[in-house]
Trainee: 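Attaching a single structure in structure tokens format; questions to follow.
Atoms considered below: every heavy atom in the structure, side chains included; atoms not considered: hydrogens, waters and symmetry mates.
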Amino acid sequence: MNADVPAWPTDLPTVLADAMTAAAAAGGPFSVSRSAALDAAEAFPDQECALLDVFGLPRAYVPTRFGGAQGGLPELLHALREVARRDVTVAVAHGKTFLGAVSAWVAGTEEQQRALAQLVLDENSVVAWGLTEPGIGSDLLAGTLTAALGPAGEWRLTGVKWPINNATRGRLLCVLARTDPDGGPRGFSLFLIDKSTLPEGAWQPLPKEPTHGIRGADISGLRLCDAPVPADALIGEVGDGLGIVLRALQLTRTLCAALSVGAGEHALQLVREFAADRALYGTRLLLLPLARRVLGRAAASLALVDAAALLGGRCAHGLPGEMSTVSAVVKAGVPWIVQQTIDDLAELLGARGFLTEEHAEGMFQKLERDHRIVAVFDGSTALNRSLLISQFPLLARRIRTGAYDAAGLAATTGETPLPELDPAALRLVSRTGCSIVQAVPGVAARIADLAAAGSVPPRAGELAAMLSAQTGALAEAMAKLPLTGRNAPAAAFAVARRFEVCFAGAAALHLLAAPGGVERPVVLTAALERCLELLVPSHRPPSDAYESLVPPPAQSVEEPVR
């Protein structure tokens with residue numbers, strides 16, 4: 001069952017989807033049996049990644065002006081979601097190249113960008129991102145890998161990066177290194193290292209780490225030993241490293257939503273298929289009211305996060321100056337909602353959700369394990385909520401005044417053409433808040449007019465008004481919190497979670513009001529219903545709120561109870 005909301009770009013994602021489906025049907029890459037075998041053996045998905053190379057996924061990692069795909073970040077989100085809905089491990093293994101390359105797109109020279117684009121497009125070169133080190137977690141300012149100028153103007157890098165996705169398999173590694181012994185915000189710089197050019201003994205791979213999920217991914221490390229890299233390996237200026245990374249993370253955090261949405265869609269597909277086949281109480285499990293409600297609510301949840309992911313990706317183009325807020329909201333909120341959805345669906349499967357052979361060769365337990373790491377990627381949920389909390393005073397003021405970037409929002413929601421992604425427009429702090437949320441009252445009024453005209457269900461107008469009220473209450477809750485530094489109270493994190501849900505609901509609201517959005521009014525209305533459930537514990541949707549999202553079995557069944 002597919003709860004897609006938006007009209008995603010369909011070129012590259014459709015090509016990839018068709019290729020993966022055909023390969024799986026032939027028993028090759030992406031088949032259930034092969035995915036299960038790779039997971040059991042903790043083996044890297046070589047054939048799967050090779051297929052994605054052949055059918056053009058690397059194009060989505062490269063800016064359009066250098067020969068990349070046309071759709072920008074939204075197209076990449078859609079393409080990676082197509083991979084994740086089949087195997088999250090493959091999406092993580094292949095998608096890392098965008099993460100490794102993104103710093104060059106943000107701050108590299110024209111020459112650096114063209115050279116990197118050629119390596120990714122023509123040679124399918126794998127690029128890794130070396131940020132973390134043993135013992136420091138996400139505290140990048142504690143990094144100890146050093147870079148010092150050598151006698152011939154080259155840089156000499158020494159230290160360890162771990163754990164790093166594709167550290168061993170990647171030809172290229174974008175490394176954050178300490179260039180000032182005293183460290184600090186201006187004490188780190190970025191270098192794009194080509195391991196194939198390093199002399200023997202200058203680097204050593206660290207062993208692959210066994211992991212609970214994404215077992216086949218190359219989660220390993222790299223030790224550099226006075227490794228010489230040329231002067232033109234420096235990305236940006238000396239001391240710019242941390243700022244470049246923080247801006248690049250605004251894109252990669254948003255991209256993580258593709259992993260979650262894909263995993264959630266896979267979970268829903270598996271459980272619906274099980275419910276359609278499972279005979280129980282003289283009928284099908286899919287026909288029982290409780291099962292239908294769980295499945296419908298899951299479909300509505302996925303429609304909700306789908307809207308958040310799409311507009312989050314489009315914000316990078318239309319509202320790049322707000323991505324410090326949007327990326328933190330999407331990265332914290334989407335995996336959290338999807339994990340709840342997976343947990344709810346697991347109850348319908350019962351013990352089968354934990355077994356490796358009973359249903360679909362254990363694909364549910366695999367995706368459940370794989371998905372849990374998404375909340376940790378590119379900053380944990382707690383870290384991203386902390387980033388959001390630090391912006392509460394501005395966000396509260398902007399919601400109260402109703403001010404937002406009208407031109408940027410129009411492009412983001414599809415009312416005007418979406419501009420090409422301009423990484424130089426990313427900012428470390430949003431000065432205009434979060435226009436998606438701040439514009440809710442006006443959009444709610446438009447939805448009320450559409451409901452009165454019969455263009456959307458009457459219930460959509462009611463839900464829009466409720467969400468507008470919740471957005472106002474959210475501003476009051478943010479304003480009442482004391483100004484905090486690094487030690488925000490627990491109440492602030494609860495408010496941050498409310499903001500994430502309001503953002504997702506606002507995204508669904510904008511899609512419903514935008515030109516073409518009324519093509520899926522029932523799904524978007526269900527997404528708003530689910531949003532209010534998450535925001536207001538006492539909210540009770542009508543009994544048939546999610547019914548249309550659960551198609552009945554193909555035929556009636558007269559099997560005995562098993």
Trainee: Could you give me the CA-CA distance, side-chain angles and deciding distance for Lys480 and Glu476, then say whether salt bridge (Lys or Arg N to Asp or Glu O under 4.0 Å) is met?
Mentor: CA-CA 6 Å; Lys480 289 179 181 177; Glu476 297 302 317; 5.7 Å; no
Trainee: What is the minimum heavy-atom distance between Leu12 and Ala69, and which atoms define it?
Mentor: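 Heavy-atom minimum between the residues: CD2-CB, 4.3 Å.
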Trainee: Identify the heavy atoms of Ser327 and Arg253 that sit nearest to each other, and give their distance.
Mentor: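 Closest approach of Ser327 to Arg253, heavy atoms only: O-CB, 4.0 Å.
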Trainee: Tell me, with the steps shown, if His94 and Tyr61 meet ring pair (Phe, Tyr, Trp, His ring centres under 6.0 Å).
Mentor: CA-CA 10 Å; His94 200 283; Tyr61 304 151; 5.6 Å; yes
Trainee: Tell me whether Arg385 is salt-bridged to Glu500, with the criterion being a basic N under 4.0 Å from an acidic carboxylate O.
Mentor: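 A salt bridge links Arg385 with Glu500.
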Trainee: If the threshold is 4.0 Å, N to carboxylate O, is there a salt bridge linking Arg446 and Glu415?
Mentor: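 Yes, Arg446 and Glu415 are salt-bridged.
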Trainee: Do Arg297 side-chain atoms and Tyr546 backbone N/O form a donor-acceptor pair below 3.5 Å?
Mentor: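 No, the answer is negative, given that no donor and acceptor are paired below the 3.5 Å cut-off.
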Trainee: Check whether any side-chain heavy atom of Pro74 sits under 4.5 Å from a side-chain heavy atom of Leu418, and report yes or no.
Mentor: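 Side-chain contact under 4.5 Å: yes.
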Trainee: Search all heavy atoms of Val374 against all heavy atoms of Cys256 and return the closest pair with its distance.
Mentor: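 Residues Val374 and Cys256, closest heavy atoms: CG1-O, 3.7 Å.
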Trainee: Any side-chain heavy-atom pair from Thr132 and Pro163 closer than 4.5 angstrom?
Mentor: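 Yes, side chains in contact.
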Trainee: Does Arg400 have more than 12 heavy atoms from other residues, nucleotides or ligands lying within 6.0 Å of its CZ?
Mentor: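 Counting other residues, nucleotides and ligands, CZ of Arg400 exceeds 12 neighbours.
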Trainee: Got a donor-acceptor contact below 3.5 angstrom from the Thr97 side chain to the Val127 backbone?
Mentor: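 Flag set: sc Thr97 to bb Val127 pair under 3.5 Å.
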Trainee: Examine distances only and state if a side-chain atom of Lys161 and a backbone atom of Leu176 form a donor-acceptor pair shorter than 3.5 Å.
Mentor: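 Yes.
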Trainee: Answer yes or no: is there a donor N or O on one side and an acceptor on the other, between the side chain of Gln438 and the main chain of Ala403, under 3.5 Å?
Mentor: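 Flag set: sc Gln438 to bb Ala403 pair under 3.5 Å.
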Trainee: Does Glu529 come within less than 4.0 Å of Arg459, counting only side-chain N to carboxylate O?
Mentor: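 Looking at Glu529 and Arg459, the cut-off is met.
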Trainee: Measure the shortest side-chain to side-chain distance between Phe493 and Thr381 over non-hydrogen atoms and say whether it is less than 4.5 angstrom.
Mentor: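 No, every pair of side-chain atoms sits at 4.5 Å or beyond.
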Trainee: Hey, are the side chains of Glu265 and Leu302 touching, using non-hydrogen atoms and a 4.5 Å cut-off?
Mentor: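 Answer yes - side chains close enough.
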Trainee: Should Arg272 and Leu348 count as side-chain neighbours, where that means a heavy-atom distance under 4.5 Å?
Mentor: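 They are not in contact (no side-chain heavy atoms under 4.5 Å apart), so the answer is no.
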Trainee: Starting from the C-alpha separation in whole Å, work towards a yes-or-no answer on side chain to side chain contact (heavy atoms under 4.5 Å, CB included) for Ser35 and Leu38.
Mentor: CA-CA 5 Å; Ser35 292; Leu38 289 172; 5.7 Å; no
Trainee: Taking all non-hydrogen atoms of both residues into account, name the closest pair between Ala308 and Val334 and its distance.
Mentor: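 For Ala308 versus Val334, the nearest heavy atoms are CB-CG2, 4.2 Å.
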Trainee: Going by an N to O cut-off under 4.0 Å, is there a salt bridge joining Arg215 and Asp39?
Mentor: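 The answer is yes: the pair qualifies as a salt bridge.
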Trainee: Do the side chains of Trp129 and Ser103 get nearer than 4.5 Å, heavy atoms only?
Mentor: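 They are in contact (side-chain heavy atoms under 4.5 Å apart), so the answer is yes.
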Trainee: To the nearest 0.5 angstrom, please state how far the CD atom of Glu322 sits from the CG atom of Leu319.
Mentor: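 Going from the CD atom of Glu322 to the CG atom of Leu319 covers 4.5 Å.
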Trainee: Can you confirm whether more than 12 heavy atoms, excluding those of Phe274, are under 6.0 Å from its CZ atom?
Mentor: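 Yes, the 6.0 Å shell around CZ holds more than 12 heavy atoms from other groups.
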Trainee: So, does His359 use its side chain to make a donor-acceptor pair with the main chain of Leu349 at under 3.5 Å?
Mentor: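 No, because the side chain of His359 does not come within donor-acceptor range (under 3.5 Å) of the backbone of Leu349.
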Trainee: Using 0.5 Å steps for rounding, measure from the CZ atom of Arg530 to the NE2 atom of His539.
Mentor: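 Arg530 CZ to His539 NE2: 10.0 Å, rounded to 0.5 Å.
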Trainee: Assess whether side chain to side chain contact (heavy atoms under 4.5 Å, CB included) is satisfied between Leu394 and Thr325, documenting all intermediate values.
Mentor: CA-CA 11 Å; Leu394 172 65; Thr325 300; over 6 Å; no
Trainee: Looking only at heavy atoms, what is the nearest atom pair of Ala300 and Leu549, with distance?
Mentor: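 Answer, listing the atom of Ala300 first, then Leu549: N-CD1, 3.7 Å.
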Trainee: For the residue pair Ser301 and Gln340, establish whether any side-chain heavy-atom pair is separated by less than 4.5 Å.
Mentor: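 Not touching, per the 4.5 Å side-chain cut-off.
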Trainee: Between Arg81 and Asp306, is any pair of side-chain heavy atoms under 4.5 Å apart?
Mentor: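 Counting from C-beta outward, Arg81 and Asp306 do come under 4.5 Å.
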Trainee: Do we see a donor-acceptor contact under 3.5 Å between the side chains of Thr89 and Lys366?
Mentor: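 Distance-only check passes for Thr89 and Lys366.
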Trainee: Rounded to the nearest 0.5 Å, what separates atom CG in Leu57 from atom CG in Leu76?
Mentor: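 Nearest 0.5 Å value for the CG-CG distance: 7.0 Å.
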Trainee: Would you check, one step at a time, whether the test side chain to side chain contact (heavy atoms under 4.5 Å, CB included) holds for Val294 with Glu347?
Mentor: CA-CA 9 Å; Val294 171; Glu347 292 193 14; over 6 Å; no
Trainee: Looking at Gly379, is its backbone amide N or carbonyl O close enough to the side chain of Lys331 to form a donor-acceptor pair, meaning the two atoms are under 3.5 Å apart?
Mentor: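 Checking the backbone N and O of Gly379 against the side chain of Lys331, a donor-acceptor pair under 3.5 Å is found.
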Trainee: Which pair of non-hydrogen atoms, one from Ile399 and one from Ala475, has the smallest distance, and what is that distance?
Mentor: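 Looking at all heavy atoms of both residues, the shortest contact is CG2-CB, 3.6 Å.
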Trainee: Show your working on side chain to side chain contact (heavy atoms under 4.5 Å, CB included) between Leu395 and Leu388 and close with a plain yes or no.
Mentor: CA-CA 9 Å; Leu395 292 169; Leu388 180 61; 3.7 Å; yes
Trainee: Please check: side-chain N/O of His317 versus main-chain N/O of Leu421, any donor-acceptor pairing under 3.5 Å?
Mentor: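 Between the backbone of Leu421 and the side chain of His317 there is a qualifying donor-acceptor contact (under 3.5 Å).
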Trainee: Using atom types as modelled and distance alone, determine if a side-chain donor or acceptor of Thr401 lies under 3.5 Å from a backbone N or O of Arg398.
Mentor: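 Yes: the side chain of Thr401 pairs with the backbone of Arg398.
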Trainee: First locate atom CZ of Arg540, then atom CG of Leu532, and finally report the distance between them rounded to the nearest 0.5 Å.
Mentor: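 It is 12.0 Å, given to the nearest 0.5 Å.
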Trainee: Check for a donor-acceptor pair, side chain of Ser435 on one end and backbone N or O of Asp405 on the other, with a separation under 3.5 Å.
Mentor: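 Looks like yes, one N/O pair under 3.5 Å.
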Trainee: So, Arg372 and Asp343, do they make that salt bridge, N to O below 4.0 Å?
Mentor: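 Asp343 and Arg372: salt-bridged.
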Trainee: Donor-acceptor check, side chain of Arg86 to backbone of Glu82, threshold 3.5 angstrom: yes or no?
Mentor: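 Side chain of Arg86 to backbone of Glu82: a pair is present.
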